[in-house]
Undergrad: 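Got a structure for you, written out below as structure tokens; questions coming shortly.
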Amino acid sequence: MRWSQNFIPTLREDPADAEVISHKLLLRAGLIRQLGSGIYSYLPMAQRIALKIMQILREEMNRIGGQEFYLPALHPAEIWKESGRWDAIGADMFRLKDRKDADMCLGMTHEEIFTAIARHELRSYKQLPQVWYQIQVKFRDEPRPKSGLMRLRTFIMKDAYSFDVDAAGLDRSFEDQREAYKRIFGRCGIQFAIVEASSGAMGGSASNEFVARTDAGEDLIATCSACGYAANLEKATSRLGLIKDLVGPDAPEEFPTPGVRTIEDLIKFPGGAKAENQIKTLVYMVTVQRMKMELGSRDDHILETPAIVLLRGDDHLQETKLLDALVRMGSFAIGVRPARAEEIRALFGANAGSLGAVKINRSNELIQKIRREIAEFPNTSDYILDTVDLIVVADQTLRGRRNMTTGANKDDHHLRGVDVERDIHIDRWADLRGVNAGESCPRCESGTLDVYKAMEIGHIFKLGTKYSESMGATVLTPDGKPTPIVMGSYGIGVERIITAAIEQNHDENGIIWPKSISPFDCIVTVTNMKDAALRETGDKAYKDLQRAGLDVLLDDRDERAGVKFKDADLIGIPYRITIGKKVADGVVELFDRKTKTSEEVKLSEIVSRVQSLALAGL
RNA sequence: CGGGGCGUAGCACAGCCUGGUAGUGCGCUCGGUUUGGGACCGAGAGGUCGGAGGUUCGAAUCCUCUCGCCCCGACCA
């Protein structure tokens, strides 16, 4: 490619809207331009990069037996209604109507569509396993698109789906994908980690998240340097020392605590308690989706129901863990939010600073009172009357604790001497607390946890039979019985790879592309186009390198050398061949973008030299 | 959804408070000098001041509405 005839609109200054480094460099290097919030046009250089990444994705998917499809991005609503996700997903899905006023949507993922093919065409266990994938655009109406290509509303994803006859088969397919992902990110030059992650409210028995460490990331990862344990904070646990409580009274004692509103207040209050001896009582509203699945009829309800969450005073709630715990209870929970002050008031008759879970009894008149009071709320769903159920979920660090202090459900009063298991009816014990950096590793004896920021670049799920059951995708087993296909789902965001590659490979001068995904293998920079000898030498080097099978960019613009060097650094091509004064001696300069070192190479040897460098791994 | 900020030339910004002929730098065009790390001199082109309505003799500037974008938080199966 000749730069003079190509569109590489580099910018000298940082665009005002860009905050993170990859966003700035994507714009400055002439890779992308914004069309709308979370919507970007990919210019020719970016397209070259994307194509290289997609080629790696294809090679590695094909290597594990994957077959490439191309499915529609436009979906009729019916298929999403079948799986229940039309209602479950909400505002994240782009929805539209066709001319006949039928509901449609733009696909945000393709479990339903692939499953629809599987259920029609896969009949026998003999046809399994199957590994199907595509590289295709996805649409998600993100609440907050941000950071250039990091969080988009339309983006390219490689999504793969595995279909197995049983869990053991899924385990093998999952492992294949895991290995493929390791090769893919490795080949793309990304430093990544595999972490335990929440499977989310949509179910699935296991999932691994692939993350790239970068301060621009939105995920927090806890990791142990001693044993390699790594987990998303949504899932991470730690090993805590046991606390020996003193023997308390036979029953809780109420005492006045005027003005005490927070854990901190109660620590300082005379006769109060240390944070680790307090019970923190939080009230959450849980969004529940109820699906009655009867033959020939479906009845979906979305409703909200309150839950009480108990933690140690010095811990904080990890909301995803709460949601996961509620899902494990079989509650069909799809979301949680903190209760509003007026909701808390109505439920407890006390304000947030004075709450406690002692003697919450579902069958007494308190529930009647709650029901009456909730019914008076404006904007409260009618459904709530049928489902008021003050579920109490407690963090397992509270197990066996006694002589604790907590709110008395009366403003300005607390209870001391509370024995958690004796005095509180707890519906569910769960791991709910968020871990903190510096706590002990849950896996090994010696390590402590470090917490760093990272961005999600891939996610693999064991879906199980969620979609095959709801959509009726079954095969016959050897003994002739229908069994739901056991599925897995595996995604990689192409733009996320681009973003992570830049975040991890740049310096003050610009991008430093990993060789494998660089838009060009090398750039030939002619320092002065007015010098015929340099011009001709550059042209010959360009053609020779091309003939050797390399992707070459020839900077033949009528610009000063300094401008060309700056631009070459900015767009991040791994090797620069500078055609300058020493051409008279048959010598050119070979500059390594990453190490910033240069060597003089004889013109006659430049092709073989660049070839060996460009092909030598990362 | 809550909070904050910003829309003026291709890009980055000033002008707005205190209404009176729309500016600066970079980029772009032309001429000249330069030519290895974002050159210099000279001459130019380029703007419905996001949109609509209002106040006023007069609005980029004041008021109302609206659209869009960015950031923080919430949220993100």
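Chain A is the first sequence line, chain B the second, and so forth, proteins listed ahead of strands; every chain is numbered from 1.
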Undergrad: Please determine, for B/U35, whether a Watson-Crick or G-U wobble partner exists with both distances under 3.5 Å, and give it or none.
TA: none
Undergrad: Taking atom types as they are modelled, would you say the side chain of A/E589 forms a donor-acceptor pair with the base of B/G36 within the 3.5 Å cutoff?
TA: yes
Undergrad: Measure from the side-chain heavy atoms of A/K581 and tell me the nearest of B/C76, B/U35, B/G36.
TA: B/G36
Undergrad: Does the B/C71 base have a donor-acceptor partner in the side chain of A/R144 within less than 3.5 Å?
TA: no
Undergrad: Does a nitrogen or oxygen in the side chain of A/K146 sit under 4.0 Å from OP1 or OP2 of B/C76?
TA: no
Undergrad: Once you apply a heavy-atom cut-off of 4.0 Å, does A/D567 come out as touching a base, just sugar-phosphate, or nothing?
TA: base
Undergrad: So, does A/Q34 get its side chain near the phosphate of B/G68, meaning an N or O under 4.0 Å from OP1 or OP2?
TA: no
Undergrad: NA contact type, A/E234, heavy-atom cut-off 4.0 Å: base, sugar-phosphate, or nothing?
TA: nothing
Undergrad: Roughly how far apart, to the nearest Å, are B/U61 and B/U8 at atom C1'?
TA: 11 Å
Undergrad: Is there a donor in the side chain of A/Y452 and an acceptor in the side chain of A/T223, or the other way round, less than 3.5 Å apart?
TA: no
Undergrad: B/C76 P sits how many Å from A/D141 CG, rounded?
TA: 15 Å
Undergrad: Taking the six-membered ring for Trp, are A/F185 and A/Y181 parallel (under 30°), tilted (30 to 60°) or perpendicular (over 60°)?
TA: perpendicular
Undergrad: Nearest to the side chain of A/N528 - B/C71, B/G37, B/U35?
TA: B/U35
Undergrad: If you measure from CG on A/D531 to OG1 on A/T537, what distance do you get to the nearest 0.5 Å?
TA: 8.0 Å
Undergrad: Taking pairing as Watson-Crick or G-U wobble with both contacts under 3.5 Å, can you name the mate of B/C6, or confirm there isn't one?
TA: B/G68
Undergrad: To the nearest Å, give me how far apart NZ (A/K24) and P (B/C11) are.
TA: 18 Å
Undergrad: For B/G44, give its Watson-Crick or G-U wobble partner with both distances under 3.5 Å, or none.
TA: B/C28
Undergrad: Side chain of A/P15, heavy atoms from C-beta onward: which of B/A74, B/A12, B/G36 has the nearest atom to it?
TA: B/A12
Undergrad: Paired with B/G20: which nucleotide, if any, by Watson-Crick or G-U wobble criteria at under 3.5 Å for both distances?
TA: B/C57
Undergrad: Side-chain N or O of A/R12 versus OP1/OP2 of B/G27: is the shortest distance under 4.0 Å?
TA: yes
Undergrad: Look up atom CE in A/M455 and atom CD in A/E218, then write down how far apart they are to the nearest 0.5 Å.
TA: 8.0 Å
Undergrad: Would you call the rings of A/H23 and A/Y40 parallel, tilted or perpendicular if under 30° counts as parallel and over 60° as perpendicular?
TA: perpendicular
Undergrad: May I ask which nucleotide in the shown strands pairs with B/C1, Watson-Crick or G-U wobble, both distances under 3.5 Å?
TA: B/G73
Undergrad: How far does the C1' atom of B/C72 sit from the matching atom of B/C41, given to the nearest Å?
TA: 48 Å
Undergrad: Determine the interplanar angle of the A/F210 and A/F192 rings, folded into 0 to 90°, and report it as parallel if under 30°, tilted if 30 to 60°, perpendicular if over 60°.
TA: tilted
Undergrad: Rounded to the Å, how far apart are A/E13 CD and B/G27 P?
TA: 9 Å
Undergrad: What contact category does A/S147 fall into here, base, sugar-phosphate, or nothing, at under 4.0 angstrom with non-hydrogen atoms?
TA: sugar-phosphate
Undergrad: Rounded to the Å, how far apart are A/M93 CE and B/A77 C1'?
TA: 11 Å
Undergrad: Using whole Å, what does the distance between atom C1' of nucleotide B/C76 and atom CG of A/N232 come to?
TA: 12 Å
Undergrad: Side chain of A/R560: nearest nucleotide among B/A39, B/A77, B/C13?
TA: B/A39
Undergrad: For nucleotides B/G19 and B/U56, find the distance between their P atoms and express it as a whole number of Å.
TA: 16 Å
Undergrad: With under 30° as parallel and over 60° as perpendicular, where do the rings of A/W132 and A/F163 fit, or are they tilted in between?
TA: tilted
Undergrad: How far, in whole Å, is B/G31 from B/C67 if one measures between their C1' atoms?
TA: 45 Å
Undergrad: B/U35, B/C70, B/C28: which one has an atom nearest the side-chain heavy atoms of A/E559?
TA: B/C28
Undergrad: Using a cut-off of less than 4.0 Å, is there contact between a side-chain N or O of A/K564 and OP1 or OP2 of B/G37?
TA: no
Undergrad: Nearest-nucleotide wise, let me know which of A/E111 and A/G38 is further upstream toward the 5' end of RNA chain B.
TA: A/G38
Undergrad: To the nearest angstrom, how far is A/R151 atom CZ from B/C71 atom C1'?
TA: 15 Å
Undergrad: To the nearest angstrom, how far is A/E19 atom CD from B/G73 atom P?
TA: 11 Å
Undergrad: Map A/V336 and A/N509 onto RNA chain B by nearest heavy atom, then report which one ends up closer to the 5' terminus.
TA: A/N509
Undergrad: Does A/T578 reach a base, just sugar-phosphate, or nothing at all? Heavy atoms under 4.0 Å.
TA: base
Undergrad: Which of these nucleotides, B/G38, B/A77, B/A74, is closest to any side-chain atom of A/V563?
TA: B/G38
Undergrad: With A/T109, which of A/M93, A/R85, A/M157 fulfils side chain to side chain contact (heavy atoms under 4.5 Å, CB included)?
TA: A/R85
Undergrad: Determine: side-chain N/O of A/S37 to OP1/OP2 of B/C70, distance under 4.0 Å, yes or no.
TA: yes
Undergrad: In whole Å, what separates the P atom of B/U18 from that of B/C63?
TA: 10 Å
Undergrad: Using a 4.0 Å heavy-atom cut-off across all strands, classify A/P338 as base, sugar-phosphate, or nothing.
TA: nothing
Undergrad: Which whole-number value in Å describes the distance from A/D14 CG to B/C26 C1'?
TA: 14 Å
Undergrad: Can you tell me, in whole Å, how much space there is between the P of B/G50 and that of B/G68?
TA: 16 Å
Undergrad: Across the strands shown, which category fits A/R28 at heavy-atom distances under 4.0 angstrom: base, sugar-phosphate, nothing?
TA: base
Undergrad: Using atom P in both nucleotides, what's the gap between B/U48 and B/A60 to the nearest angstrom?
TA: 13 Å
Undergrad: Side-chain contact, heavy-atom cut-off 4.5 Å: A/Y42 with A/L149?
TA: yes
Undergrad: Do A/R576 and B/G37 have a side chain to base donor-acceptor pair shorter than 3.5 Å?
TA: yes
Undergrad: Taking the same atom, C1', in B/C69 and in B/U29, what whole-Å distance lies between them?
TA: 31 Å
